[in-house]
Amino acid sequence: MPLVERPIGIFDSGFGGLTVARALFDLMPAEDYVYVGDTGRYPYGSKPLDEVRRYATELAHSLIDDFGAKAIVVACNTATAAGLEGLRAEIDVPVIDVVVPGASALVSATRSGRVGVIGTVGTVSSGAYVHAVGAAGARAEVDIDLTSAACPGFVEFVERGQTTGDEVTVLAERLLAPVRAAGVDTLLLGCTHYPFLARTIGEVMGPEVVLVSSADETAFAAMDRLGALGLLRDASGVGTRRFWSSGDVDTFRELGSGLLGVDLDRVDHWPGR
Ligand code: DGL
């Protein structure tokens, strides 16, 4: 099959990457997509980064070798924060991540320069956003004052399909206290699971704080990159979407359809490599 006709591969530890997948589907509906949610091994955020890097490498190789992916979208901040240099060096398809696009979106949206990022323990402790937001601020010549907060527990709520309610609110009030106290005007949801909790996060942060997710920006980055490489399909068609999960397939279909608001009819078991 010619390279241009091959699918775009997407992966995450579970359902979070569906927020990025949705933006990709909307922007490039003619493409075929293969999504792998590593629900059998989630969460990534509390695991050592070298273990997450190993999983990310395995998933990327599977997307290329088993599904013929022409590009990989790493729809997971923790996997990106674990370091993708090795992966980029050993595979010859484009690898698009969520951290750089998210940092650019954050810097573009702020008015005061006081910004926040929330993410998993792995992402926040890696310093990936301190680096990426600093670089985006320097490029845009904006003075940035960044406050980061890890939000352990948020991903688990999403993976259970519990996105609102008292328990989520109580946890959000506690974990978001540092970014509220810092008086940020813009908050980046630096974990692809968090947009599913946007209602609660928005209520806790208050209406004056703008929430930014990396999903749209990542989709634009993917389109630019594929376009520049001549890897975009003829835009007049409609592509296919296949989903794979390393965990329970029925749970993935049911919860994923609920979260995405679209039926995930083609879900299979990803056996690993
Ligand atoms: N959705 C992922 C992220 O963006 C990982 C969540 C997890 O498995 O802890 O970081």
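In each ligand, atom 1 is the first atom listed, and ligand 1 is the first ligand listed.
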Item to check | For Trp270, all residues meeting ring-ring contact (aromatic ring centres under 6.0 Å, His included), sequence neighbours excluded | outcome: none
Item to check | Qualifying residue, where the test is ring-ring contact (aromatic ring centres under 6.0 Å, His included) with Trp244 and the options are Phe67, Phe252, Phe11 | outcome: Phe67
Item to check | salt bridge (charged side-chain N to carboxylate O under 4.0 Å, His left out) partner of Asp32, chosen from Arg242, Arg266, Arg233 | outcome: Arg233
Item to check | Contacts of Tyr44 that satisfy ring-ring contact (aromatic ring centres under 6.0 Å, His included) - sequence neighbours left out | outcome: Tyr55
Item to check | Partner residues of Thr120 under the side chain to side chain contact (heavy atoms under 4.5 Å, CB included) criterion, sequence neighbours left out | outcome: Thr78, Thr123, Val155, Cys191, Tyr194
Checklist entry - Side-chain donor-acceptor pair under 3.5 Å between Ser13 and Asp38, yes or no? => result no
Checklist outcome for this item: Less than 4.0 Å from some atom of ligand 1, heavy atoms are found in residues Asp12, Ser13, Pro43, Tyr44, Gly45, Cys76, Asn77, Thr78, Thr120, Val155, Cys191, Thr192, His193
